[in-house]
Amino acid sequence: MLDDPRTVRITGDDIAAVFRRADDADAEQRPADRRDGPVPEAYVWCNLTSGNGTRALWLLLLPFMVVNLAHWMRPTTRGRARTVRLYGLLVRLTGLSLTVLLVAAACEVALDLAAWQCAGTRACAERHSWLGFLSPEVSDGGWWSLPGRRLALAALVPAALTGLLWYLSLRTWNAYESQQPMTRDPEETGGRTALNRPGFWYGRRLVARLRAAHTAAGLLTVAAAVGSAAARHDREPGGPAVLAVLGMLLEAALVAGACAVVWVVCRRGRTERRLDGELDAALVRGLPLAALALLASALLYAGWERDGWESAGRLPGDPTFGALALVQGLLVIVLAGVAHVLYRTRPDRRAAMRGLAGPAVAMLGCALGSVMSGGVSQRMSDWLDGTGTSIPGPPVLLTWQASVIPPLLVLLLVLGGWLARRAWRIARAGRAAVEDEYPGETGDPGRTRRIAATRAMAALTDRAPRILAVTSAATLLLGAGALAGALITDRTPGAATRDSYAVVHGAAETAQALGSWLIGLGFVLLVACGRRAYKDASARRTIGILWDVGTFWPRAAHPFAPPCYAERAVPDLTWRIATWTEATGGRLVISGHSQGSVLAAAAAWQLPTSTRKRVALLTYGSPLERLYGRWFPAHFGPAALGSLHQEVDCWRNLYRLTDPIGGPVRLPGDGGPEVDRAPLKDPLAYGRTGAHPLPAPILGHSGYQADPAFAEERRRLLARLRPEVPAPRHTEDPGPDGGAPAGAPVPSA
């Protein structure tokens, strides 16, 4: 980034730091030596998203990250504070259901498939010797062979998973998100976006509260899985009256604990208008400890010796997955209604899916959670039951959900074909435009086709809302069909259609078998991808691109989502810019490429008003409007970006038609230079020229700084920022004699 092999770290640590060229390390002490040019300075933050190998494990938290994104996708609105709070509440409840689903899937694997079904079946237990001590027949009635004790021992697996999620959430928050932003006066917190507020990048109180609630929910789910099975047996006629009463008390306590968890999640969300350093210490500590005490009580209760209790069939509690699927579907539908109400108050034609992007993404997050949990259960069942006849297997609903995956993949293939046809038509229509941009060049049909095809592929990014809308709607309908089929028939699709037409039965059997393999294959590929990323830094950087968008936003809906790197990066940039300008009185150009341009804008919003006027923005390959403005309109919509343009000294944006990520900001100049420069040529030369004797490459999203337009725009911005006289906003080009301020760095995010 600095184009120099000798660099030094100015400030920061091994995770994120500011670097300069070695010759510029003490530029502030030698102002006379730097009057002919700026001091480039680079903020390096890649380790926040693709640092050590443990980042690969974040792939397993993908559903949590997706549902957290839905929180920030609400439409722009006006005067609907209660509706906005309801939107956030619905997303938080959806996130809570995903935590319960994950822990329930772990209970299904450990308690039902392993401890209840396999250990309770002689053939399965003999096939897996490590389960022998849990089998009544193999262990000859050993102490651990009682059903309740088997369940109590197996419950340690989902309980440990819940504890691991709690630990990772706490540890990553301390490493990434505990950096306090700069404090500012209340009168400087105005603006058209919440990113301007002092407490936006510091959500300690909400994350701690949600962490406690989700941890308690996971522990209560394990306690319910263990305790409800024992309580159901004790309620049968002839059972011990004392144990029956204890079972009723335990179930009542579990219901009370669940109500307490929901109440905590329903409490007011983030406090952004001030830096909230308070912490609900009693709640944060007390709720998980109370849930842990209930879990211990459930384990002791289930482990008590009972006469005549044997494990047969599936573990009672299969309706849990059906209830979770129903609740998630209803939450998404209500969320869509709330989003539509918000959108109608202030329609934005550029907003993705007319404001319904949040509910659509929440639906996909729930679908991902179901696929991952069902995949683990299905693969575990197939591994334990080699013959396919010794144990009943996972709940029927999970088999139905796996069976709808093949139709969904067929739909995705159709959408892929539509996109390919659309790209071909755009490329064919754009060949004439390519030739017009390079007048006087000798025609080369192959070269023209490659340039036009690259532009057409880049334009497909703008079709993503339509693809997401169709996929999300199909997922909701197929999921509803799977839930209805499981509830009505209580049999797998193949068994339910056995008496139907041969074609229907064959299709159901094929979908069931293929879905089972696909769901397992998808999970294996996910684990393999994570393993490769753990060992390969380049693969880790590729996955880091996914986290660039997914973990930019604070954890407002799910505390177990991957950590928000911007809660470290934005305070870093803000502190560096504010302290440098205060110490030197200089001006700076914040130069940001791709996701770095989003960090640059977020940092500029957090600056004090007086400092913001000393800053110019130079963005290139920027997704600020094309992605963030459309998908997160409440925070990066036209009003928000327009206010940023008015508050900084000047803003220029570079983009190419061949760039699939970056695009125009679409803001007027307001009496001065427009934000967007005309699209840059890509490639720089059509054929061989004196300046380009070899064929110039098609750069797409990379290589912006090598374009002459970058140096030209940076020179103009530095000239506007000359310290002697503030440049008026209507100045188009101060010219080359405007001068650059001494020691003016160009931080590159």
Side-chain angles (χ1 to χ4, degrees), residues 62-76 87 90-91 94-95 98 328-329 331-340 342-343 347-372 401 404-405 407-423 426 456-480 522 545-553 557-558 561 595 598 623-637 660-661 663:
L62 190 60
F64 302 156
M65 183 187 76
V66 172
V67 78
N68 190 69
L69 279 178
H71 173 88
W72 302 104
M73 288 182 169
R74 68 169 178 84
T76 306
Y87 181 95
L90 292 171
V91 180
T94 305
L98 280 177
Q328 289 177 346
L331 285 173
V332 169
I333 293 173
V334 176
L335 184 65
V338 173
H340 180 66
L342 293 175
Y343 178 81
D348 179 8
R349 64 181 183 85
R350 289 287 296 172
M353 298 176 55
R354 297 182 178 271
L356 297 180
V361 168
M363 183 69 251
L364 292 185
C366 295
L368 280 172
S370 299
V371 167
M372 293 177 66
Q401 289 176 339
V404 302
I405 292 179
L408 184 61
L409 288 181
V410 171
L411 175 63
L412 293 177
L413 289 175
V414 172
L415 292 176
W418 175 78
L419 282 178
R421 182 173 179 272
R422 181 70 180 174
I426 294 175
M457 294 299 294
L460 293 182
T461 301
D462 300 322
R463 310 291 174 187
R466 189 173 304 176
I467 301 298
L468 178 64
V470 175
T471 304
S472 180
T475 301
L476 179 61
L477 294 176
L478 290 173
I545 297 173
L546 175 64
W547 303 132
D548 281 353
V549 178
T551 61
F552 170 79
W553 297 98
H558 207 296
Q595 187 68 17
V598 184
L624 272 170
E625 197 281 336
R626 191 178 190 183
L627 297 181
Y628 281 82
R630 298 191 67 188
W631 294 95
F632 308 97
H635 303 89
F636 285 94
I661 298 176

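As the structure is a computational prediction, the values presented were derived from the model and not from experiment.
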- Query: Rounded to the nearest 0.5 Å, how far apart are CD of Gln595 and CD1 of Ile661?
  - Reply: 9.5 Å
- Query: Which distance, rounded to the nearest 0.5 Å, do you find between the CG of Leu356 and the CG of Leu468?
  - Reply: 10.0 Å
- Query: Any side-chain heavy atom of Leu409 within less than 4.5 Å of one from Leu413?
  - Reply: no
- Query: Hey, is the main chain of Pro633 close enough, under 3.5 Å, to the side chain of Thr76 for a donor-acceptor pair?
  - Reply: yes
- Smallest separation among heavy atoms of Tyr343 and Arg354, with atom names: CG-O, 3.3 Å
- Measure across Val598 and Pro623 and return the closest heavy-atom pair with its distance rounded to 0.1 Å. CG2-CG, 4.0 Å
- Query: For the atom pair CZ (Phe64) and CG (Leu98), what is the distance rounded to the nearest 0.5 Å?
  - Reply: 6.5 Å
- Task: Would you check, one step at a time, whether the test side-chain contact (heavy atoms from CB on, under 4.5 Å) holds for Thr461 with Leu627?
- Result: CA-CA 9 Å; Thr461 301; Leu627 297 181; 3.8 Å; yes
- Task: Please step through side-chain contact (heavy atoms from CB on, under 4.5 Å) for the pair Trp631 and Leu69, ending with a clear verdict.
- Result: CA-CA 10 Å; Trp631 294 95; Leu69 279 178; over 6 Å; no
- Message: Any heavy-atom pair between the side chains of Val361 and Leu364 that's under 4.5 Å?
- Response: no
- Please confirm whether the backbone N or O of Arg350 pairs with a side-chain atom of Arg630, one donor and one acceptor, at under 3.5 Å? yes
- Item | Side-chain donor or acceptor of His558 paired with backbone N/O of Gly95 under 3.5 Å | yes
- Item | Considering all heavy atoms, the nearest Arg626-Ala459 contact | NH2-CA, 3.8 Å
- Are Phe632 and Tyr628 near enough that their ring centres are under 6.0 Å apart? yes
- Might you work through the side-chain contact (heavy atoms from CB on, under 4.5 Å) test for Val67 and Cys366, ending with a clear yes or no? CA-CA 8 Å; Val67 78; Cys366 295; 5.7 Å; no
- Determine yes or no for a side-chain-to-main-chain donor-acceptor pair under 3.5 angstrom, with Asn68 supplying the side chain and Ala561 the backbone. no
- Item | Criterion side-chain contact (heavy atoms from CB on, under 4.5 Å) on Leu476 and Ile333, from CA distance to verdict | CA-CA 9 Å; Leu476 179 61; Ile333 293 173; 4.3 Å; yes
- Message: Show the nearest heavy-atom pair for residues Pro75 and Gly355, with the distance to one decimal.
- Response: CG-O, 3.4 Å
- Considering only heavy atoms from C-beta outward, does the side chain of Met457 approach that of Pro660 to under 4.5 Å? no
- Item | From Thr471 atom OG1 to Leu408 atom CG, the distance as rounded to the nearest 0.5 Å | 6.5 Å
- Task: Work out which heavy atom in Gly358 is nearest to a heavy atom in Tyr87; give both atom names and the distance.
- Result: CA-OH, 3.4 Å
- Taking all atoms of both residues into account, what is the closest heavy-atom pair of Gln328 and Ser370, and its distance? OE1-OG, 4.3 Å
- Query: Roughly how far apart are Leu368 CG and Leu62 CG, rounded to 0.5 Å?
  - Reply: 5.5 Å
- Message: Tell me if the aromatic rings of Trp553 and His635 count as close, with their centers under 6.0 Å from one another.
- Response: yes
- What distance separates Arg422 CZ from Leu415 CG, expressed to the nearest 0.5 Å? 14.0 Å
